[in-house]
> 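Structure in structure tokens, see below.
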Amino acid sequence: QLRLVESGGGLVQPGESLRLSCAASGFTFDYYAIGWFRQAPGKEREGVSCISSSGKSTHYADSVKGRFTVSRDNAQNTVFLQMNSLKPEDTAVYYCAAERAPHAIASKTLCHIDMDYWGKGTLVTVSS
């Protein structure tokens, strides 16, 4: 059974950092692209970043470019989202999602809102 579990969320002050993890099981991880998404209260879910199955290509939303870094360890079936210089507007539930896409290049199109498999999310709160 395919499973994605996010962890690493919490309460931080503006300017601080967090590292989210997305642990996967039940599928051939290195065939799958992984997307990070977030949903703030009262807002629609939005894409944050995308990483290709190999990890060689990545894509970021403009709002997080230069502050967030996505990476993956295929040996550990885990994807990471390093979030630096956090802002109050980064407050949201963060989700990872997966879709089988071997060799595809990371993009907003590859990591889309209707990806096949989703985790249950982890809450990130940025507040002073």
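All residue numbers refer to positions in the sequence shown, counting from 1. Computed from a predicted structure; not experimentally measured.
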> Find the distance between CG (Asp90) and OG (Ser127) and round it off to the nearest 0.5 Å.
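Spacing of CG (Asp90) from OG (Ser127) equals 12.5 Å.
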> Using a 3.5 Å distance criterion without hydrogens, assess whether the side chain of Glu16 forms a donor-acceptor pair with backbone atoms of Gln13.
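Yes; at least one donor-acceptor contact below 3.5 Å.
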> For a 4.5 angstrom cut-off between non-hydrogen side-chain atoms, does Tyr95 reach Arg45?
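They are in contact (side-chain heavy atoms under 4.5 Å apart), so the answer is yes.
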> Do Leu18 and Leu86 touch side chain to side chain, with heavy atoms closer than 4.5 Å?
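Heavy-atom side-chain distance check passes, below 4.5 Å.
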> Heavy-atom count around Tyr31 OH within 6.0 Å, excluding the residue itself: above 12?
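For Tyr31, atom OH is not crowded (no more than 12 foreign heavy atoms under 6.0 Å).
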> For the NZ atom of Lys120 and the SG atom of Cys96, what is their distance to the nearest 0.5 Å?
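Result: 12.5 Å between the selected atoms.
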> Considering all heavy atoms of both residues, which atom of Ala40 and which atom of Ala92 are nearest to each other, and what is their separation?
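The answer is N-CB, 3.7 Å.
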> Specify the closest pair of heavy atoms between Pro102 and Ser53, including all atoms of both residues, with the distance to one decimal.
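Taking Pro102 first and Ser53 second, the nearest heavy atoms are CA-OG, 3.6 Å.
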> Can you find a pair of side-chain heavy atoms, one from Ser25 and one from Arg3, that are under 4.5 Å apart?
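SC-SC contact between Ser25 and Arg3 confirmed.
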> Taking the basic N atoms (NZ, or NE/NH1/NH2) and the acidic carboxylate oxygens, is any pair closer than 4.0 Å for Asp62 and Lys65?
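Yes, charged N to carboxylate O under 4.0 Å.
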> Answer yes or no: is there an ion pair linking Arg38 with Glu46, defined by an N-O contact shorter than 4.0 Å?
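So Arg38 pairs with Glu46 through a salt bridge.
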> Are the side chains of Val79 and Leu20 in touch, meaning some heavy atoms are under 4.5 Å apart?
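No; the side chains remain at least 4.5 Å from each other.
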> Thinking salt bridges, do Asp30 and Arg72 make one under a 4.0 Å N-O criterion?
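No salt bridge links Asp30 with Arg72.
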> Side-chain heavy atoms under 4.5 angstrom apart, residues restricted to Ile, Leu, Val, Met, Phe, Trp, Tyr: same cluster for Leu2 and Trp118?
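No, separate clusters.
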> Distance from Ile34 atom CD1 to Thr78 atom OG1, nearest 0.5 Å?
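The distance works out to 10.0 Å.
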> Is it true that a side-chain atom of Asn74 and a backbone atom of Asn77 form a donor plus acceptor pair closer than 3.5 Å?
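The answer is no, because no donor-acceptor pair under 3.5 Å joins these two groups.
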> With a 4.5 Å limit on heavy-atom distance, are the side chains of Thr122 and Val93 in contact?
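A side-chain contact is absent here, since even the closest heavy-atom pair is not under 4.5 Å.
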> Mark yes or no for whether Ser52, through its side chain, and Ala106, through its backbone, hold a donor-acceptor pair below 3.5 Å.
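No.
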> So how far is it from Trp36 CH2 to Phe68 CZ, rounded to the nearest 0.5 Å?
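It comes to 10.5 Å.
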> Tell me whether the guanidinium CZ or amine NZ of Arg19 lies under 6.0 angstrom from the six-membered ring centre of Phe80 and within 45° of its axis.
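Judged by the rule (NZ or CZ under 6.0 Å from the ring centre, within 45° of its axis), Arg19 counts as positioned above Phe80.
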> Between CE of Met83 and OH of Tyr94, what distance do you get to the nearest 0.5 Å?
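The OH atom of Tyr94 is 5.0 Å from CE of Met83, to the nearest 0.5 Å.
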> Answer yes or no: is there a side-chain heavy-atom contact under 4.5 Å between Phe37 and Ile113?
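The answer is yes, as the side chains (C-beta and beyond) meet within the 4.5 Å cut-off.
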> Which heavy atom of Ser17 sits nearest to which heavy atom of Ser85, and what is that distance?
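Scanning both residues completely, I find the closest heavy atoms to be OG-N, 4.3 Å.
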> Any side-chain heavy-atom pair from His59 and Cys111 closer than 4.5 angstrom?
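When only atoms from C-beta onward are counted, Cys111 and His59 do not touch, as no gap falls below 4.5 Å.
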> Do you know which two heavy atoms are closest between Leu110 and Ala104, and how far apart they sit?
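Scanning both residues completely, I find the closest heavy atoms to be CD1-CB, 3.8 Å.
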> Would Arg100 pass as a cation-pi partner of Tyr117, given that its NZ or CZ must be under 6.0 Å from the six-membered ring centre and within 45 degrees of the axis?
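Pair Arg100/Tyr117 does not count as cation-pi.
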> Would you indicate whether Glu44, at its atom CD, is surrounded by more than 12 heavy atoms from other residues, nucleotides or ligands within a distance under 6.0 Å?
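Incorrect, the count does not exceed 12.
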> Do Asp116 and Tyr32 touch side chain to side chain, with heavy atoms closer than 4.5 Å?
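Heavy-atom side-chain distance check fails, nothing below 4.5 Å.
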> Let's go through Cys50 and Val70 carefully: what are the C-alpha distance in whole Å and the side-chain angles of both, what is the deciding distance for side-chain contact (heavy atoms from CB on, under 4.5 Å) to 0.1 Å, and is it a yes or a no?
CA-CA 7 Å; Cys50 181; Val70 63; over 6 Å; no
> Rounded to the nearest 0.5 Å, what separation is found between the OG1 atom of Thr91 and the CG atom of Leu123?
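Going from the OG1 atom of Thr91 to the CG atom of Leu123 covers 8.0 Å.
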